[in-house]
Trainee: 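Here you go, one structure.
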Amino acid sequence: MATGTGGTAGTRTTEWKALGARYALLPLRLFLGVTFVYAAFDKLSDAHYLAGAGDAASFHSQTVAARDSSPIGWALGPALHAPTFFGLLIAFGELAVGLGTLFGLWGRVAALGGALLSATLWLTVSFHTTPYYLGNDLAYLLAWTPLLLAGTPYLSVDGYLAARAARDRARGLAEDAVRRRALLDGGIAAVALGGAGLLSGSLTASFGRDETPVAGGAGATSPVPQPGPAVPAAQVPVGGSATVKDPASGDAVYIVQPAAGQYAGLSSVCTHSGCAVNPPKDGKLYCPCHGSTFDAATGAVITGPAVKPLPKYAVTKSGDRLELGPQQG
């Protein structure tokens, strides 16, 4: 009896290990699929993304900023000549990769597309991020490698087609017919999934973009000025900073004192892709996402890929307190 019980427990352990090995890549697959779908819709719904050369946050402006420092800057010319086409190509490419990965349809092809997109972003946007482990594009590139090698054989359209092909072979269907059927049905699924993605992406690009609200208007009532957030002046030594929140946006703002008696407020939101920059250190603010650095006294760009300075705020000293004022133009 003891031997039988031990054997049963050992069998169950083996089965659980086999189950875990089978689905080991499922969390990574779900994460990459959801992330790339989200990235696509985020781009398509962003009013700045296709705004053109006049907007520092647009695809065109970011490509210009990356060109001079990128090891493949020589290859970015076509993207600058047709920024709308290439911007949409990247967004819909991310959508196709994400949906293909989530549904497990032509998994290796989707993983290859994801790896190529990540490699492109790494070589253009985050190549000079130091230390290298702060650059997320390189991590995404390597994250696609297991799916590129293993595909998506479980809980997927690929898995269903492979199982059906095995049944067709077992009942004696010719190999050419099996492959032709699998390719045809995979193509039908790809067209259906791609059509749904194209429709949803197009609707998002057409109707889902964030619009910048127009300040003021005919008959608008001027709001009563409210005192801004304040901190003790002692918390902001020369070269140091204190953090407050912009009451209008909720974003963090660094109150700095670059020289004795000189105070200013600098937004913590990087003008490249909206990441939070680190607090001032050694006269600079560093963005950990793609490596942009800004002057801690003025917010000016020191190194890209950002091209636009950090928004600046007025700071007023009242007694022993520093009060954050409005954002300056």
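The structure presented is a predicted model; accordingly, all values stated were derived computationally and were not measured. The figures that follow rest on heavy atoms only: side chains count, while hydrogens, waters and symmetry mates do not.
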Trainee: Roughly how far apart are Leu322 CG and Ile255 CD1, rounded to 0.5 Å?
Mentor: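 If we round to the nearest 0.5 Å, Leu322:CG and Ile255:CD1 are 6.0 Å apart.
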
Trainee: Give me each pair satisfying salt bridge (Lys or Arg N to Asp or Glu O under 4.0 Å) with a member in residues 13-22, each pair once, sequence neighbours excluded.
Mentor: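 Not a single pair qualifies under salt bridge (Lys or Arg N to Asp or Glu O under 4.0 Å).
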
Trainee: Could you see if Tyr140 belongs to whatever hydrophobic cluster contains Leu28? Use Ile, Leu, Val, Met, Phe, Trp, Tyr and a side-chain cutoff under 4.5 Å.
Mentor: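 Both belong to a single hydrophobic cluster.
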
Trainee: Backbone N or O of Leu142 within a donor-acceptor pair of the Thr145 side chain at under 3.5 Å?
Mentor: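 Side chain of Thr145 to backbone of Leu142: a pair is present.
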
Trainee: Under a single-linkage rule joining Ile, Leu, Val, Met, Phe, Trp and Tyr whose side-chain heavy atoms are separated by less than 4.5 Å, which residues share a cluster with Leu285?
Mentor: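 Traced through the cluster, Leu285 reaches Tyr254, Val256, Leu266, Val277, Phe294, Val301, Leu310.
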
Trainee: What pairs of residues pass the ring pair (Phe, Tyr, Trp, His ring centres under 6.0 Å) test when at least one of them lies in residues 309-328, not counting sequence neighbours?
Mentor: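 Passing the test, one end in residues 309-328: no pairs.
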
Trainee: For the CZ atom on Phe103, are there more than 12 heavy atoms of other groups (residues, nucleotides or ligands in this structure) within a distance under 6.0 Å?
Mentor: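 Count not over threshold, so no.
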
Trainee: For Lys284 versus Ile302, what's the shortest heavy-atom pair and its separation?
Mentor: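 Answer, listing the atom of Lys284 first, then Ile302: CG-CD1, 3.8 Å.
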
Trainee: Which pairs, with at least one residue in residues 145-182 and sequence neighbours excluded, count as a ring pair (Phe, Tyr, Trp, His ring centres under 6.0 Å)?
Mentor: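 Of all non-adjacent pairs touching residues 145-182, those that pass ring pair (Phe, Tyr, Trp, His ring centres under 6.0 Å) are Tyr23-Tyr154.
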
Trainee: Identify the two heavy atoms, one from Phe86 and one from Pro78, that lie closest to each other, and give their separation to 0.1 Å.
Mentor: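 Minimum heavy-atom separation between Phe86 and Pro78: CE1-O, 3.4 Å.
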
Trainee: If the condition is side-chain hydrogen bond (donor to acceptor under 3.5 Å, both in side chains), which residues does Thr152 pass it with, not counting sequence neighbours?
Mentor: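 Here the qualifying residues are Asp158.
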
Trainee: Hey, any chance Leu44 and Val34 share a hydrophobic cluster, counting ILVMFWY side chains that come within less than 4.5 Å of each other, even indirectly?
Mentor: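 Shared cluster, yes.
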
Trainee: Do Ser268 side-chain atoms and Ala252 backbone N/O form a donor-acceptor pair below 3.5 Å?
Mentor: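 Side chain of Ser268 to backbone of Ala252, a donor-acceptor pair under 3.5 Å: yes, one is there.
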
Trainee: Under 4.5 Å between any side-chain heavy atoms of Ile90 and Phe59, yes or no?
Mentor: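 They are in contact (side-chain heavy atoms under 4.5 Å apart), so the answer is yes.
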
Trainee: Flag yes if Val37 and Leu105 sit in one hydrophobic cluster, no otherwise; membership is Ile, Leu, Val, Met, Phe, Trp, Tyr, and two members link when side-chain heavy atoms are under 4.5 Å apart.
Mentor: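 Yes; tracing contacts between hydrophobic side chains, which count when under 4.5 Å, links both residues.
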
Trainee: Take Leu112 and Val109, measure what side-chain contact (heavy atoms from CB on, under 4.5 Å) needs, and give me the verdict at the end.
Mentor: CA-CA 5 Å; Leu112 177 61; Val109 175; 5.6 Å; no

Trainee: Scan residues 93-103 for pairs that pass side chain to side chain donor-acceptor pair (under 3.5 Å), counting only residues two or more places apart or in two chains.
Mentor: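 The answer is Lys43-Glu94.
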
Trainee: Using modelled atom types and a 3.5 Å cut-off, is there a donor and acceptor pairing between side-chain atoms of Arg108 and backbone atoms of Leu147?
Mentor: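 Not a single qualifying donor-acceptor pair exists.
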
Trainee: Taking all heavy atoms of Ala40 and all of Ala91, pick out the closest pair and write down the distance.
Mentor: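 Minimum heavy-atom separation between Ala40 and Ala91: CB-O, 3.2 Å.
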
Trainee: Of all residues at least two apart in sequence or in a different chain, which pass the side-chain hydrogen bond (donor to acceptor under 3.5 Å, both in side chains) check with Thr293?
Mentor: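 Partners of Thr293 by the side-chain hydrogen bond (donor to acceptor under 3.5 Å, both in side chains) criterion, ordered by chain and then number, come out as Thr303.
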
Trainee: Heavy atoms only: give me the nearest Leu173-Ala177 pair and the separation to one decimal.
Mentor: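 Shortest heavy-atom contact: CG-CB, 3.9 Å.
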
Trainee: Judged by atom type as modelled, is there a donor-acceptor pair below 3.5 Å linking the side chain of Arg29 to the main-chain atoms of Leu102?
Mentor: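 Yes, because the side chain of Arg29 sits within donor-acceptor range (under 3.5 Å) of the backbone of Leu102.
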
Trainee: Test of understanding: with ring-ring contact (aromatic ring centres under 6.0 Å, His included), list the residues that count as partners of Phe36, not counting sequence neighbours.
Mentor: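 Scan of Phe36 (ring-ring contact (aromatic ring centres under 6.0 Å, His included), adjacent residues dropped) gives Trp144.
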
Trainee: Return yes if some donor-acceptor pair links the side-chain N/O of Asp295 with the main-chain N/O of Ala297 below 3.5 Å, else return no.
Mentor: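 Confirmed, Asp295 side chain pairs with Ala297 backbone.
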
Trainee: Rounded at 0.5 Å granularity, tell me how far OG in Ser45 sits from OH in Tyr49.
Mentor: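 So the gap between those two atoms works out to 11.5 Å.
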
Trainee: Apart from Leu183 itself, which Ile, Leu, Val, Met, Phe, Trp or Tyr residues share its cluster (side-chain heavy atoms under 4.5 Å, direct or through members)?
Mentor: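 Traced through the cluster, Leu183 reaches no other member.
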
Trainee: Do you know the tightest heavy-atom contact between Ala300 and Pro309?
Mentor: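 Minimum heavy-atom separation between Ala300 and Pro309: CA-CB, 3.9 Å.
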
Trainee: Apply side-chain contact (heavy atoms from CB on, under 4.5 Å) to the pair Leu95 and Phe41, showing each step before the final yes or no.
Mentor: CA-CA 8 Å; Leu95 184 58; Phe41 282 117; 3.8 Å; yes

Trainee: Kindly compute the distance separating CG (Leu184) from CG (Leu161), expressed to the nearest 0.5 Å.
Mentor: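 One finds 10.5 Å between CG of Leu184 and CG of Leu161.
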
Trainee: Looking at Pro288 and Ala276, what are the two nearest heavy atoms and their distance?
Mentor: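 Closest heavy-atom pair between Pro288 and Ala276: CD-O, 3.4 Å.
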
Trainee: Using the rule that two of Ile, Leu, Val, Met, Phe, Trp, Tyr join whenever any of their side-chain heavy atoms come within less than 4.5 Å, decide whether Leu148 and Leu32 are in one cluster.
Mentor: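 Hydrophobic grouping puts Leu148 apart from Leu32.
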
Trainee: Residues in side-chain contact (heavy atoms from CB on, under 4.5 Å) with Pro237, at least two apart?
Mentor: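 Per chain and number, Pro237 pairs via side-chain contact (heavy atoms from CB on, under 4.5 Å) with no residue.
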
Trainee: Working to the nearest 0.5 angstrom, can you tell me the gap between Leu89 CG and Thr84 OG1?
Mentor: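 Interatomic distance, Leu89 CG to Thr84 OG1, rounded to 0.5 Å: 12.0 Å.
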
Trainee: Scan residues 126-154 for pairs that pass salt bridge (Lys or Arg N to Asp or Glu O under 4.0 Å), counting only residues two or more places apart or in two chains.
Mentor: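 Residue pairs with at least one partner in residues 126-154: there are none.
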
Trainee: Is the shortest heavy-atom distance from the side chain of Ser126 to the side chain of Leu138 under 4.5 Å?
Mentor: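 Side-chain contact under 4.5 Å: no.
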
Trainee: Determine, step by step, whether Thr243 and Val253 satisfy the side-chain contact (heavy atoms from CB on, under 4.5 Å) criterion, reporting the C-alpha distance in whole Å, the side-chain angles of both residues, the deciding distance to 0.1 Å, and the verdict.
Mentor: CA-CA 6 Å; Thr243 305; Val253 176; over 6 Å; no

Trainee: Once rounded to the nearest 0.5 Å, what's the spacing between atom CD of Glu323 and atom OH of Tyr263?
Mentor: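 Rounded to the nearest 0.5 Å, the CD-OH separation comes to 14.5 Å.
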
Trainee: State plainly whether one hydrophobic cluster holds both Leu121 and Leu116, where clusters connect Ile, Leu, Val, Met, Phe, Trp and Tyr through side-chain heavy atoms under 4.5 angstrom apart.
Mentor: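 Cluster IDs for Leu121 and Leu116 differ.
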
Trainee: Just wondering, do Thr124 and Thr63 contact through their side chains at under 4.5 Å, heavy atoms?
Mentor: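 Not in contact.
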
Trainee: Please list all pairs passing the salt bridge (Lys or Arg N to Asp or Glu O under 4.0 Å) test where one or both residues lie in residues 162-172, with sequence neighbours left out.
Mentor: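 Counting only pairs at least two positions apart or across chains, the salt bridge (Lys or Arg N to Asp or Glu O under 4.0 Å) contacts touching residues 162-172 are Arg164-Asp185, Asp168-Arg171, Asp168-Arg181, Arg169-Glu175.
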
